[in-house]
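Each remark here refers to the structure printed beneath this line.
Along the sequence shown, residues are numbered consecutively beginning with 1. Note that the structure is a prediction, hence the values are computed from the model and not measured. Below, each value reflects all heavy atoms present in this structure, side chains not excepted, and no hydrogens, waters or symmetry copies.
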Amino acid sequence: EVQGSLLVNGTSDNPVTLTSLRDDSINGDTNNDGTTTTPAAGDWTGIYTGGASTVRIDHAAIRYTAYGVSSSSVSTTIRDSTFSKTRNTAISLTTPNGFPTTTGGLSIPVITGNTITTTNISDAPAITIYDYSHGYDLRTTNLSNNTATGAGTNYMKLSYWALHDDQTWGFGTNAMQVVIDGYLSVPANTTLTLPAGTVIKFTIPTNYNSVEVQGSLLVNGTSDNPVT
């Protein structure tokens, strides 16, 4: 549990690994039991961060957790990391307390280039970002090139996303599907552009799901490549 700062400074050639005691594939048979035990999703809970903390994870290999990384930190960056055999949601973000600030300050999360393999028994998304208070500045370029495979629901769920500036929909080639939950809000003086071929999906609502437009929505489909 992180209330201060967590800086994971792995590299592509030398990642930082956080894994189960039973994982003999790295640094050998730590618990010295041969093949008596084997690692499984949920062997350890995961990383929890919150409050005024900062979390920055680069090139990490996070294996056999129940929940991966769950963050409500003031600053969250997770880049170029792998989440293997995660039992539930691998990356879960919730707007930090106090955001937006009284002067309109926003938290800007960066979740890019991550690879997620789930062993999901709860049908939870691979990535969830919950922003009911609109304290996040969610930018497509900062949420790009994340992929997911495995037994779970392999998508990124964005709950109550409100634009704070102009955005063009696009999360990278072969990236996981993005699913809107609650609503996608395009406030006055902002523009959301949907290029040809864009696909947006929505969760099955308990109340309602919608795109709410007070600014501009540009849907630029073509006859050969419509927006869906």
Quiz item: Looking at CG of L163 and OG1 of T190, how far apart are the two atoms once the value is rounded to the nearest 0.5 Å?
Solution: 5.0 Å

Exercise. Check whether any side-chain heavy atom of K157 sits under 4.5 Å from a side-chain heavy atom of I127, and report yes or no.
Key: no

Practice problem: Give a yes or no on whether the backbone of M176 and the side-chain of T147 come within a donor-acceptor separation of less than 3.5 Å. | Solution: no

Self-check item: Nearest-0.5 Å distance that lies between atom OG in S72 and atom CG in N97
Solution: 6.5 Å

Quiz item: Between OG of S107 and CZ of F99, what distance do you get to the nearest 0.5 Å?
Solution: 5.5 Å

Practice problem: Taking all non-hydrogen atoms of both residues into account, name the closest pair between A124 and T89 and its distance. | Solution: CB-OG1, 3.2 Å

Exercise. Applying side chain to side chain contact (heavy atoms under 4.5 Å, CB included) between V110 and each of R139, R79, R56, report the one that passes.
Key: R79

Practice problem: Would you check if the side chain of N114 reaches a backbone N or O of S81 as a donor-acceptor pair within less than 3.5 Å? | Solution: yes

Quiz item: With the threshold set at 4.0 Å, does a side-chain nitrogen-carboxylate oxygen contact exist between R22 and D24?
Solution: no

Quiz item: Just wondering, do I78 and V69 contact through their side chains at under 4.5 Å, heavy atoms?
Solution: yes

Quiz prompt | Side-chain donor or acceptor of N225 paired with backbone N/O of T222 under 3.5 Å | solution = no

Practice problem: Look at the rings of W161 and W169 and say which category their plane angle falls in: under 30° parallel, 30 to 60° tilted, over 60° perpendicular. | Solution: tilted

Quiz item: Is it true that a side-chain atom of T49 and a backbone atom of T54 form a donor plus acceptor pair closer than 3.5 Å?
Solution: no

Exercise. Kindly say whether T203 contributes a backbone atom to a donor-acceptor pair with the side chain of N209 at under 3.5 angstrom?
Key: yes

Quiz item: What distance separates Q167 CD from L192 CG, expressed to the nearest 0.5 Å?
Solution: 8.0 Å

Quiz item: Which atom names give the shortest non-hydrogen contact between F83 and A90, and what distance separates them?
Solution: CE2-O, 3.8 Å

Quiz prompt | Under 3.5 Å: donor-acceptor pair, side chain of E1, backbone of G50 | solution = no

Quiz item: Under 3.5 Å, side chain of Y136 to main-chain N/O of T94, donor-acceptor pair present?
Solution: yes

Practice problem: Please report the shortest heavy-atom distance between L143 and T112, naming the atom on each side. | Solution: N-CG2, 4.0 Å

